[in-house]
Amino acid sequence: MKTETIISLENVTKRFPVGEGEFTALDHINLTFTKGEFSGLVGPSGSGKTTLLNIIGSLDVPTEGKATVIGHDIASLSHKASAKLRNHHIGFIFQVFNLLPVYTVFENVEFPLLLQNKTASERKKAVMEALDWIGLADYAKKKPNKLSGGEGQRVAIARAMVKRPEILIADEPTANLDAANAHSILKMMKKLNRELGTTFIFSTHDEKVMTYLERIIHLRDGKVELDERIKNKNQAS
Ligand SMILES: Nc1ncnc2c1ncn2[C@@H]1O[C@H](COP(=O)(O)OP(=O)(O)OP(=O)(O)O)[C@@H](O)[C@H]1O
Ligand SMILES: [Mg+2]
């Protein structure tokens, strides 16, 4: 099996200024992620999950240490180069879907492609394919306020995956969903992981999500407490 490193974190430390002092949100994190992994960060609220995902997604940089994402030392990237890395190679899914309410489902999913130089016909093909992946091709012309929570999150998955990113970051993607919808979107993400080889990294408190992960990294007080590789019942589904 191919084991190509796609993300490497060496002594990644993040401190935030708080009043007169500093707060250490991440404390010397050492981790590598392999291309195609389906893994997740778990840990108590405040343990550093979102802070770490933001660094992996090049939305933030470490205070100390080095984060290498798809061959780029993210702290050395210019503002423009960092935006390019995200626009082309990294997809994001959040707890709140952040669909743009005045645009249709099609336009919401098309949005990331407008940041790349794709033609209208290339965009249409990619958007309709992404809507097919999530089973909502018939919803292209609907507005987000006509969707249920589960459908909204599926559209957010299509928007994140339409550019076929190498890395998909999902920060508590099931937190606002009921059990049936949570399982349904996890199955979709697992399928995309298998078919497109996308590297998925979740943060979650949700036991249902954990049953799909092949690796669970436990964070506590900004440190890796346990890095577990597991055989899960839902992995092959
Ligand atoms: N911009 C910031 N300024 C100051 N402190 C911050 C900032 N961002 C995060 N923190 C602090 O860093 C710690 C880790 O926050 P983080 O959001 O990464 O936790 P989390 O594990 O994602 O928690 P949750 O499960 O609640 O989402 C928290 O104590 C938080 O208050
Ligand atoms: Mg968080």
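Whatever order the structure lists them in is the order used to number ligands and atoms, beginning at 1.
Regarding atom 4 (C) of ligand 1, its nearest protein heavy-atom neighbour is F16 CB, 3.3 Å. Scanning the protein for heavy atoms near atom 17 (O) of ligand 1, the closest one is T50 CB, 3.7 Å. Considering only non-hydrogen protein atoms, atom 26 (O) of ligand 1 sits nearest to S45 OG, 2.5 Å. The single protein non-hydrogen atom nearest to atom 27 (O) of ligand 1 is E172 OE2, 3.4 Å, given as residue, atom name and distance.
Using a 4.5 Å cut-off on side-chain heavy atoms (C-beta onward), H28 and V12 make no contact. Considering only heavy atoms from C-beta on, I201 comes within 4.5 Å of I7 through its side chain. You'll find the side chain of V127 stays beyond 4.5 Å of the side chain of F111, heavy atoms only. The shortest distance between side-chain heavy atoms of T50 and D171 falls below 4.5 Å.
For ligand 1 and T51, the ligand atoms under 4.0 Å from any heavy atom of the residue are 14 (C), 15 (O), 16 (P), 18 (O).
Using a non-hydrogen distance threshold of 4.0 Å, G43 does not register as a contact of ligand 1. Within the structure, the closest approach of H205 to ligand 1 falls below 4.0 Å when heavy atoms are considered.
Only protein N, O or S atoms were scored, and 1 of them lie under 2.8 Å from the Mg ion (ligand 2).
Remark: atom 20 (P) of ligand 1 lies closer than 4.0 Å to at least one protein heavy atom. Under the 4.0 Å distance rule, the nearest protein heavy atom to atom 6 (C) of ligand 1 falls inside the cut-off.
In this structure, a donor-acceptor pair under 3.5 Å is present between the side chains of N193 and K190.
Every N/O-N/O distance between F23 and ligand 1 stays at or above 3.5 Å. Where the criterion is an N or O separation shorter than 3.5 Å, residue side chain and backbone included, G46 meets it with respect to ligand 1.
Between R123 and the options M128, Q116, E110, a side chain to side chain contact (heavy atoms under 4.5 Å, CB included) holds for only E110. When each of N176, N181, L147, I93 is paired with Q153, the side chain to side chain contact (heavy atoms under 4.5 Å, CB included) condition holds for I93 and for no other.
Between K142 and E151, none of the side-chain N atoms (NZ, or NE/NH1/NH2) sits under 4.0 Å from a carboxylate O, so this pair counts as no salt bridge.
Using cut-offs of 30° and 60° for the angle between ring planes, the F38 and F202 rings count as perpendicular.
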* Given L226 and I216, is the side-chain contact (heavy atoms from CB on, under 4.5 Å) satisfied, shown in steps? -> CA-CA 8 Å; L226 178 66; I216 300 185; over 6 Å; no
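A distance of 9.0 Å separates CD in E107 from CG in L114, rounded to the nearest 0.5 Å.
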